[in-house]
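Quick caveat, the model's predicted, so the values are computed rather than measured.
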Amino acid sequence: MNKSARNRLLFALLFFACLFTLIAWLQYWFVKDQLHRTVLAEMNDWADEVIDEIDYRGKWDLAGYRRSNPEAPTYYIITADGFLVDIAGLVSGMIPPVRIPSGLIYDQPFSITSEIDERWRLFAKRVRGGLVILGVPLSDSHLDVDDRLQSNFLAFGATIDSAAEVTDRQVDLAIEYAVIDDSGRLRNAAGGIPLFTKQRANDQLQGDGALVALDGDPYLTVSRRIANGLAYLVLFRDVGLEQQMLHNSLRFNMTVAGTCWSICAMLVGFYLYGQRGPRITCEQAISQDEGQTIEFKSSLRWDLNQRRVGKEVEGAVIKTVAAFLNSDGGVLMIGVSDDKVALGLEADYRTITDKPNKDGFLLTLQQTLSNAFGTDNFTRYLRIDFCNISGKEICVVYVRPARSEMFVQEKTALGSKQSFYIRVSNATKSLEGAEMMSYVRQHWGM
């Protein structure tokens, strides 16, 4: 795969990773919004049903409502001044602490008229840690109501904890009850036992669709006015299952998106690592033979055979660097013979009159390569380092693969021309004409 194709693939992967992440978030928020709307619509239907059953017409008449069976599982009805009209499906934390009715008589049945003029027959008895009140609206009373109240109390036991565990199935259908601990917390309840909360209704209301935690579970709330604010209906809907479904959906989408990003990150990492060119030590490089990414040069300027400075020696270094640039990058070691003998740079140092040392050599090499490929390309693709092998100083040129073709300006008998070099195994090869164009298209996708 050529570099242009790799770039397009990486761009496509990044694009689709971003797109999928965006879609995953949009899907999550869309599903969340739709679930929220659906649940709220259901709760509003429940609210309409309860309010229709209450049928308030200038006064409270709850006989018909008490006999109804609304679909709403969890709610309470409270007047503006905090009187609890009815409770269904009590969940811990749903109702603030309550006040015990004034004039309460213990251990024997008695009658009472509530704040909304509803007459009740009640039976109250203390248990360890609190109080249990059982009652029947007198509109639903029977001849044996007192006996039934006292016999049903047996199901509640002798402690507040046992009373809190009682369910509707353990109590006669007509019996309503409230279990209150010593702190005023309503531990268990069903129906409309006359009670006041310690907060006014407006202090208890949540905005429609508010998410609250009751007994460790998430609930949505809906509040509705009754009789222009004379009372309020407050409904609760357990949305733990929906929240878990949303959580699982989000976790799945984020896992897939994270996998996409991880794959992209690995591919980008591999790509960038490849763009860095070889990163090996002198010892590692000299232990290898010359090949696609390794080349040894005895010197930068000094012709060991002719015993003089030779431009062709410097030109060979430039051609090798160009071949690495136009191929897969590589490592050029200067001061090492073809048979991997460390010769050092002393011969080249002596050719530099201003600074016959490593600093002068570095400046000379930098200038040579900058002139050949341009300062920007030198800075972007080349790195020069030095190491010591067998007591000899060696120069190492690390070459990254270039992002576009690199030419070498050469002088010939016919004048100056631009030459194009690539690396083929352990050789530097010149390409021209159609062969060069074909290589450029394949390598860079141009």
Side-chain angles (χ1 to χ4, degrees), residues 50 62 65-66 70 72-106 110 112 114-116 118 120-137 149 152-153 155-172 174-206 210 212-223 226 231-238:
V50 172
L62 299 177
Y65 166 76
R66 297 290 184 198
T74 307
Y75 65 92
Y76 64 88
I77 302 167
I78 187 170
T79 63
D81 57 358
F83 177 74
L84 286 167
V85 177
D86 194 30
I87 301 170
L90 178 71
V91 180
S92 178
M94 178 174 121
I95 296 174
V98 298
R99 291 189 281 112
I100 298 173
S102 60
L104 196 64
I105 300 173
Y106 293 97
F110 67 98
I112 189 174
S114 74
E115 297 294 324
I116 57 174
E118 188 177 26
W120 284 80
R121 190 69 174 169
L122 301 179
F123 178 74
K125 192 174 181 69
R126 290 192 177 277
V127 295
R128 190 162 60 251
L131 168 70
V132 177
I133 306 175
L134 283 74
V136 175
L149 286 172
N152 274 271
F153 177 81
F156 290 83
T159 67
I160 193 70
D161 291 332
S162 64
E165 297 298 324
V166 171
T167 64
D168 291 351
R169 292 186 177 185
Q170 297 173 258
V171 182
D172 288 353
I175 303 295
E176 302 183 16
Y177 56 89
V179 178
I180 308 164
D181 67 18
D182 288 337
S183 67
R185 184 160 61 103
L186 200 57
R187 297 283 299 276
N188 197 357
I193 297 295
L195 296 170
F196 267 96
T197 66
K198 294 182 180 180
Q199 296 180 12
R200 295 181 62 83
N202 288 338
D203 298 330
Q204 303 172 37
L205 300 181
Q206 302 280 346
V212 298
L214 299 180
D215 200 22
D217 295 318
Y219 283 76
L220 281 185
T221 66
V222 164
S223 304
I226 300 174
Y232 295 89
L233 167 65
V234 184
L235 292 100
F236 298 85
R237 165 72 149 76
D238 185 352

Could you check if a side-chain atom of [X] sits within less than 4.5 angstrom of a side-chain atom of [Y], using non-hydrogen atoms only?
X	Y	answer
Ile180	Leu195	yes
Ile77	Val50	yes
Phe236	Tyr76	yes
Arg187	Asp161	yes
Ile95	Thr197	yes
Ile193	Trp120	yes
Leu214	Thr74	no
Val91	Asp217	no

Tell me whether Asn152 contacts the main-chain N or O of Asp172 through its side chain, where contact means a donor paired with an acceptor under 3.5 Å.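 Checked: pair present.
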Distance-only, no hydrogens or angles: does the Asn188 side chain make a donor-acceptor pair with backbone N or O of Val166 under 3.5 Å?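 Indeed, once roles are kept as given, a pair shorter than 3.5 Å links the two residues.
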When rounded to the nearest 0.5 angstrom, what distance separates CD in Glu118 from CZ in Arg66?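 Going from CD on Glu118 over to CZ on Arg66, the span is 4.0 Å.
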Atom CD1 in Ile112, atom CD1 in Ile105: separation rounded to 0.5 Å?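 One finds 8.5 Å between CD1 of Ile112 and CD1 of Ile105.
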Go through the steps for Ser162 and Glu165 under the test side chain to side chain donor-acceptor pair (under 3.5 Å), then give the verdict. CA-CA 5 Å; Ser162 64; Glu165 297 298 324; over 6 Å; no
Quick test of your reading: applying side-chain hydrogen bond (donor to acceptor under 3.5 Å, both in side chains), list the pairs with at least one residue in residues 87-101, sequence neighbours left out, ordered by first then second residue.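 Residue pairs passing side-chain hydrogen bond (donor to acceptor under 3.5 Å, both in side chains), neighbours aside: none found.
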Have Asp81 and Thr79 got a donor and an acceptor in their side chains that come within less than 3.5 Å?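 Asp81 vs Thr79: donor-acceptor pair found between side chains.
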Taking salt bridge (charged side-chain N to carboxylate O under 4.0 Å, His left out) as the test, write out the residues that go with Asp181, two or more places apart.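 Partners of Asp181 under the salt bridge (charged side-chain N to carboxylate O under 4.0 Å, His left out) test: Arg185.
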Identify the two heavy atoms, one from Phe110 and one from Leu104, that lie closest to each other, and give their separation to 0.1 Å.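 That closest heavy-atom pairing would be CZ-CD1, 3.4 Å.
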Mind listing the closest non-hydrogen atom pair of Pro70 and Tyr75 along with its distance?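 The answer is CG-OH, 3.7 Å.
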Could you list the donor-acceptor pairs under 3.5 angstrom formed by side chains in residues 123-137, with sequence neighbours left out?
unit_1 : atom_1 : unit_2 : atom_2 : d
Lys125 : NZ     : Asp107 : OD1    : 3.3
Arg126 : NH2    : Tyr106 : OH     : 3.1

Check the pair Asp168 / Tyr177 against side-chain contact (heavy atoms from CB on, under 4.5 Å), numbers first and verdict last. CA-CA 9 Å; Asp168 291 351; Tyr177 56 89; 2.6 Å; yes
